[in-house]
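Scroll down for the structure; my scribbles are underneath it.
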Amino acid sequence: MIVDDYAYITSSWSSALNIVDISDRSNPTLESVIYDGDGTFTTLHMANDVFVDGDYAYIVSGTDGSNSGLDHALTIVDISDKSSPSLVSTVVDESGGFTRLQGANSVVVSGDYAFVTSFYDNALTIIDVSDPVNPSLVSEIYDGDGEFSRLQRATQVVVQGSYAYVSALTDSAMTIIDISDPSDPDLSAEAVFGGSFPGIGNATDVFVLGNYAYVTGQSTSSMQIIDISDKANPSAVGIVQDNNNGFTRIGGAFSVAVVGDIAYIAGVNDNGFTIADISDRANPALLSEVYDGDGEFSYLNGAGHIMIQGNHAYTTSRNDSGFTVIGID
C-alpha cells in the first residue's frame with residue numbers, strides 16, 4: 001500500500017512488513033522492517049497483505065492451510081514512528097471467537113471495521129477495530145453459509161459504501177455483499193465465470209470505482225469490466241484479454257488498479273504491466289505495455305499487486321521479490 005511518501009510491502013516468504021521511504025521515487029530507501037519472531041511480533045508468518053489507516057497498519061498472515069493457531073492472524077501495528085513500528089494487538093484464528101481466519105489473505109479497513117478474506121476458510125470476517133488495542137469479532141460469513149455459495153478460495157476484498165466485493169479463485173466469482181449491518185451481512189449478488197462473464201476464470205483481484213467493478217481472471221488472462229450500478233444485478237460491460245485487440249502481456253492476469261479512465265493490469269505469467277484506455281468500457285484499448293527484460297525493466301518477473309499514486313505506478317513481483325516504481329505521466 002502507498003500512503004504519502006511511504007510504501008508498505010508485505011513479504012510472504014520473509015514473513016515481514018517493509019516500510020520504504022519513496023520521497024525520492026528514483027531512489028527508494030528502507031525505513032524499517034518488522035518480521036515474525038522480531039521481538040513482540042509472533043503472528044506475521046506468511047504475511048500476505050497490509051492496509052494502512054492513519055497511524056496503524058493492519059497485516060494479515062496465513063500459512064499453507066495445514067497449521068492452526070498463531071499463523072492465521074490479523075496483526076495491528078502502530079506506525080506513527082515509521083522508523084520503529086510497535087505491536088498494538090493481534091487477532092488469531094481459533095481464539096477469541098474467531099473461527100474463519102485460516103489463510104488470511106487480504107484486508108481492508110473502512111470506518112470502524114476491518115474486513116479480512118480467508119483463502120482456506122473460504123470466508124470474509126468483519127472485525128471491530130474502533131479500539132485497535134482490543135479488536136473484536138463482529139461477524140463471519142463463509143462458502144456454504146446460508147445464501148453464500150461463491151466464496152471458495154476468497155482472494156481480495158474491496159469496500160465501497162455499504163457494500164463489500166469479494167473475488168474468489170476456485171469459484172471464479174465476485175460476490176457483492178450488503179454490509180450496511182456489519183453484524184448481519186446479506187448477499188446482494190454473485191457474478192460467476194461463464195455466460196456473460198467470460199473474463200473472471202479463477203478470479204484473483206477486484207477493484208471498484210464508481211459504478212464499475214474490475215475483476216482479473218488468472219486462468220482466462222483477462223480483466224472483466226462489470227456494471228454494478230444495480231447491486232442486485234451486476235452486468236458485464238467489456239473485457240481486456242491477453243492476445244486480443246493488441247494486448248500481449250496480461251497472461252495470468254493477477255491484479256488491477258483503475259484511475260479515471262485508465263486501467264493498470266499486472267500479468268503474472270507474462271511478467272507484464274499493461275496500461276489500458278477504458279473510456280469506452282465496452283471496447284477497452286491498449287495504451288502501452290512493459291515487461292521484465294524490456295529495456296530498463298528488470299524486476300517484473302511474476303508481476304503482482306499494483307497501486308497508483310499521482311504520476312507513478314507501484315508494483316511488486318513475486319519471482320523477483322522486487323518492487324518497481326514506474327513513471328506514468
Side-chain angles (χ1 to χ4, degrees), residues 1 3 6-21 30-110 112-140 142 153-157 304-305 316 318 321 323:
M1 188 168 186
V3 180
Y6 292 93
Y8 301 83
I9 307 169
T10 51
S11 305
S12 293
W13 298 121
S14 297
S15 301
L17 173 71
N18 299 269
I19 302 179
V20 179
D21 184 334
L30 181 65
E31 181 74 20
S32 62
V33 60
I34 57 173
Y35 55 90
D36 195 59
D38 174 23
T40 57
F41 294 100
T42 60
T43 56
L44 295 177
H45 186 61
M46 292 294 289
N48 284 321
D49 195 20
V50 58
F51 192 94
V52 173
D53 185 50
D55 287 335
Y56 299 98
Y58 299 79
I59 307 164
V60 288
S61 52
T63 59
D64 61 2
S66 62
N67 300 323
S68 61
L70 298 182
D71 288 327
H72 306 272
L74 168 69
T75 301
I76 303 177
V77 179
D78 186 333
I79 53 167
S80 54
D81 180 354
K82 306 292 187 295
S83 64
S84 183
S86 59
L87 178 66
V88 176
S89 61
T90 58
V91 168
V92 297
D93 195 46
E94 304 298 338
S95 178
F98 292 89
T99 65
R100 295 286 172 178
L101 292 176
Q102 286 278 317
N105 192 68
S106 71
V107 57
V108 167
V109 176
S110 180
D112 290 335
Y113 302 98
F115 299 80
V116 179
T117 58
S118 300
F119 193 75
Y120 294 106
D121 271 331
N122 313 309
L124 175 70
T125 299
I126 303 177
I127 304 169
D128 186 336
V129 292
S130 55
D131 178 2
V133 177
N134 294 294
S136 59
L137 177 65
V138 177
S139 61
E140 299 169 320
Y142 53 92
R153 298 298 188 253
T155 47
Q156 296 296 313
V157 58
H305 292 289
T316 54
R318 297 193 298 180
S321 298
F323 172 67

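Every value quoted in this text rests on a predicted model; they were computed, and no experiment measured them.
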Residues Y120 and G103: closest non-hydrogen pair is CD1-CA, 3.5 Å

To the nearest 0.5 Å, atom OH of Y142 lies from atom CG of D121 at 10.0 Å

CG of D93 to OG1 of T99, rounded to nearest 0.5 Å, is 7.0 Å

Nearest heavy-atom approach of G97 to E140 is O-OE2, 4.1 Å

Nearest heavy-atom contact between A7 and F323 is CB-CZ, 3.8 Å

Rounding to 0.5 Å, atoms OG1 (T125) and CG (L101) come to a distance of 4.5 Å

Between the OG atom in S110 and the CZ atom in F51, the distance rounded to the nearest 0.5 Å is 7.5 Å

Could you check whether any side-chain N or O of S89 sits under 3.5 Å from a backbone N or O of N134, counting only pairs where one atom can act as donor and the other as acceptor? no

*Taking side chain as C-beta onward, heavy atoms only, is W13 less than 4.5 Å from M46?*
yes

Check whether any side-chain N or O of D112 sits under 3.5 Å from a backbone N or O of D128 as a donor-acceptor pair, and report yes or no.
-> no

message = Keeping D55 on the side-chain end and I79 on the backbone end, is there a donor-acceptor pair under 3.5 Å?
response = no

Minimal heavy-atom distance between T75 and T43, with the atoms involved, is OG1-OG1, 2.5 Å

Smallest heavy-atom separation, A154 atom then A123 atom, equals CB-O, 3.9 Å

Distance-only donor-acceptor check, side chains N48 and S12, under 3.5 Å
yes

Stepwise side chain to side chain contact (heavy atoms under 4.5 Å, CB included) test for F98 and I127
CA-CA 10 Å; F98 292 89; I127 304 169; 3.6 Å; yes

### Query
Is there a side chain to side chain contact (heavy atoms under 4.5 Å, CB included) between Q102 and F119 once you walk through the steps?
CA-CA 7 Å; Q102 286 278 317; F119 193 75; over 6 Å; no

May I ask you to decide if H305's main-chain N or O and T316's side chain share a donor-acceptor pair within less than 3.5 Å? yes

Between D21 and Y6 the two heavy atoms that sit nearest each other are CA-CD2, 4.0 Å

message = I'd like to check S32 versus P85 (side-chain heavy atoms, cut-off strictly below 4.5 Å). Are they in contact?
response = yes

Do S118 side-chain atoms and R100 backbone N/O form a donor-acceptor pair below 3.5 Å?
yes

To the nearest 0.5 Å, atom CG of L87 lies from atom CD1 of I34 at 8.0 Å

Should V77 and F41 count as side-chain neighbours, where that means a heavy-atom distance under 4.5 Å?
yes

Rounded to the nearest 0.5 angstrom, the CG-OG distance for D49 and S106 is 5.5 Å

Intermediate values then yes/no, side chain to side chain contact (heavy atoms under 4.5 Å, CB included), H72 and V92 = CA-CA 6 Å; H72 306 272; V92 297; over 6 Å; no

Check your understanding: Would you say Y35 and S14 make side-chain contact, with heavy atoms under 4.5 Å?
Key -> no

Is any side-chain heavy atom of E31 closer than 4.5 Å to one of V20? no

Review point. Mind checking whether I59 and Y8 have side chains closer than 4.5 Å, heavy atoms only?
Key: no

Partner of L17 under side-chain contact (heavy atoms from CB on, under 4.5 Å), picked from V33, D38, T10, L44, is T10

